[in-house]
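Read through the structure below, which is laid out as structure tokens, and then see the notes.
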Amino acid sequence: MTLATDLLAQVDHIRQVLPLPAIARLYFPTLQTDGEYRDEFGFVFLESGDIGAFYVSLEDTLPELWRQFPNPEQASLPLDVLLGKLQAPDLASRALGLGAFNALSQHVLRLGGCKLSQHRNHDRDNLPVPVGKVGMVGYFCPVIDRLTEQGIAVLVLEKVPQRVPTRPLVSVTTNPLDLASCDEVMCTASTLINDTLDGILEACGHVPDFSLIGPSAGGLPDVVFARGVEEVGATVYPDREKLLYLLANQDSWGKAGQKYRIRRADYPGLETLLQRAATVRS
């Protein structure tokens, strides 16, 4: 079973218990023409107020999304249509499908009363200090800063190694098998879009602690927990209007979010969340 198949199986289960909320609008960042690489994100807004983020900087994802939806703020299509894109052959559609799944997941987490472990800054101040060498899938500069300041060596798996500046305690590889030598691995959730998470998990072998992090990690974690992920770290956006204001003014939209972590051992599971959500609705 592929990851996308498993996610859609969760959607079918949710649909049996809860009506799927409607899409209110989409958001894509502006296309840049200066040629500089940027990590950027789009958003799926639901009429329920729930929001799902998704990464748009893989290959031609962003220009393709603008081609498909030239007026994203006026998008009016069923949520099911976007969710079905999880199995699409192209990255842009899969990215949008993940955004839809993340938005639906936030809806279920909220109605199911899932207590999210929140803190001010997932990237730096409140993460536990790892022991030994840390593997990192994708280059997260703030996280690397925090780790190297404490003398921790970091091995970065990066398809474009020239993105990683030369610096003490940081090494770079293009071979996922090298991650097996690490004591902990932090993996970008964009691997859910380009369908590389399963391969990376297999390459890591028995790494004691594997976490999936980033705005795109805001989905229900049942499927990734079943695959061996120990923790997800993502962001919830409780103030829709604040987020829209920051996006419209090209300000730092992170100020509208609250970062959280869910450990596998602490997660109640989709079935329990749906039971709670059904009770709230009845």
Side-chain angles (χ1 to χ4, degrees), residues 3-4 28-43 53-67 88-99 102 122-124 127 130 133-149 152-182 184-205 207 210-218 224 229 232-235 252-254:
L3 191 143
F28 308 144
T30 303
L31 285 170
Q32 302 294 328
T33 58
D34 57 13
E36 290 189 14
Y37 184 91
R38 294 177 175 85
D39 286 318
E40 297 192 285
F41 293 83
F43 295 89
F54 61 102
Y55 190 62
V56 298
S57 295
L58 292 173
E59 299 181 12
D60 63 345
T61 294
L62 186 54
E64 178 60 22
L65 287 172
W66 276 108
R67 188 193 67 79
D90 63 292
L91 286 174
S93 295
R94 293 206 299 271
L96 189 54
L98 182 64
N102 289 346
H122 179 78
D123 293 334
R124 290 182 65 90
L127 284 172
K133 183 168 67 173
V134 173
M136 188 167 291
V137 182
Y139 181 66
F140 295 89
C141 185
V143 181
I144 289 179
D145 289 344
R146 182 185 70 87
L147 295 173
T148 56
E149 285 168 3
I152 297 169
V154 182
L155 174 65
V156 181
L157 176 67
E158 177 58 65
K159 291 178 65 176
V160 188
Q162 56 268 31
R163 287 187 59 207
V164 183
T166 301
R167 54 188 299 184
L169 293 176
V170 177
S171 54
V172 185
T173 182
T174 58
N175 185 355
L177 292 173
D178 291 338
L179 296 173
S181 66
C182 297
E184 177 180 344
V185 172
M186 299 179 184
C187 179
T188 171
S190 63
T191 53
L192 300 172
I193 297 171
N194 61 14
D195 199 25
T196 58
L197 178 62
D198 283 340
I200 289 170
L201 284 166
E202 182 178 358
C204 286
V207 169
F210 188 106
S211 57
L212 192 68
I213 63 174
S216 296
V224 297
V229 173
V232 296
T235 306
S252 174
W253 47 263

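- Evaluation of the side-chain contact (heavy atoms from CB on, under 4.5 Å) rule for S190 yields Y55, L58, T188 as partners, not counting sequence neighbours.
- Every residue was checked against the side chain to side chain donor-acceptor pair (under 3.5 Å) condition with D195, not counting sequence neighbours, and none meets it.
- A search for side-chain contact (heavy atoms from CB on, under 4.5 Å) contacts involving V207 returns V185, C204, not counting sequence neighbours.
- A search for side-chain contact (heavy atoms from CB on, under 4.5 Å) contacts involving E59 returns L91, not counting sequence neighbours.
- The CG atom of L147 sits 5.5 Å away from the CE atom of M136 when rounded to the nearest 0.5 Å.
- With hydrogens and angles ignored, the 3.5 Å screen pairs a side-chain donor or acceptor of T148 with a backbone N or O of I144.
- Shortest non-hydrogen contact noted between E64 and A92 is CG-CB, 3.5 Å.
- For the side chain to side chain donor-acceptor pair (under 3.5 Å) test, no residue two or more places apart in sequence or in another chain qualifies with T174.
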What verdict does the side chain to side chain donor-acceptor pair (under 3.5 Å) test give for N194 and T196, after you've listed the backbone C-alpha separation in whole Å, the side-chain angles of each residue and the deciding distance to 0.1 Å?
CA-CA 6 Å; N194 61 14; T196 58; 2.6 Å; yes
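- Judged as a side chain to side chain donor-acceptor pair (under 3.5 Å), and not counting sequence neighbours, D60 has no contacts.
- Put simply, the side chain of N102 never gets that close to the backbone of F54: no donor and acceptor are under 3.5 Å apart.
- With sequence neighbours excluded, the residues that form a side-chain contact (heavy atoms from CB on, under 4.5 Å) with P29 are Y27, E40, V56, L62.
- In plain terms, the two heavy atoms of P165 and R163 that are nearest each other are CD-O, 3.3 Å.
- Note that CG of L96 is 12.5 Å distant from CZ of R94, once rounded to the nearest 0.5 Å.
- The two residues L65 and F28 make their nearest non-hydrogen contact at O-CE1, 3.5 Å.
- Only one option out of D198, V229, T191 pairs with V224 in a side chain to side chain contact (heavy atoms under 4.5 Å, CB included); it is V229.
- The line from CG of L31 to CH2 of W66 is 7.0 Å long, rounded to the nearest 0.5 Å.
- Applying the side chain to side chain donor-acceptor pair (under 3.5 Å) rule to S93 yields the partners D90; only residues at least two apart in sequence or on another chain are considered.
- Taking W253 as the reference, F41, F43 meet the ring pair (Phe, Tyr, Trp, His ring centres under 6.0 Å) condition, with sequence neighbours excluded.
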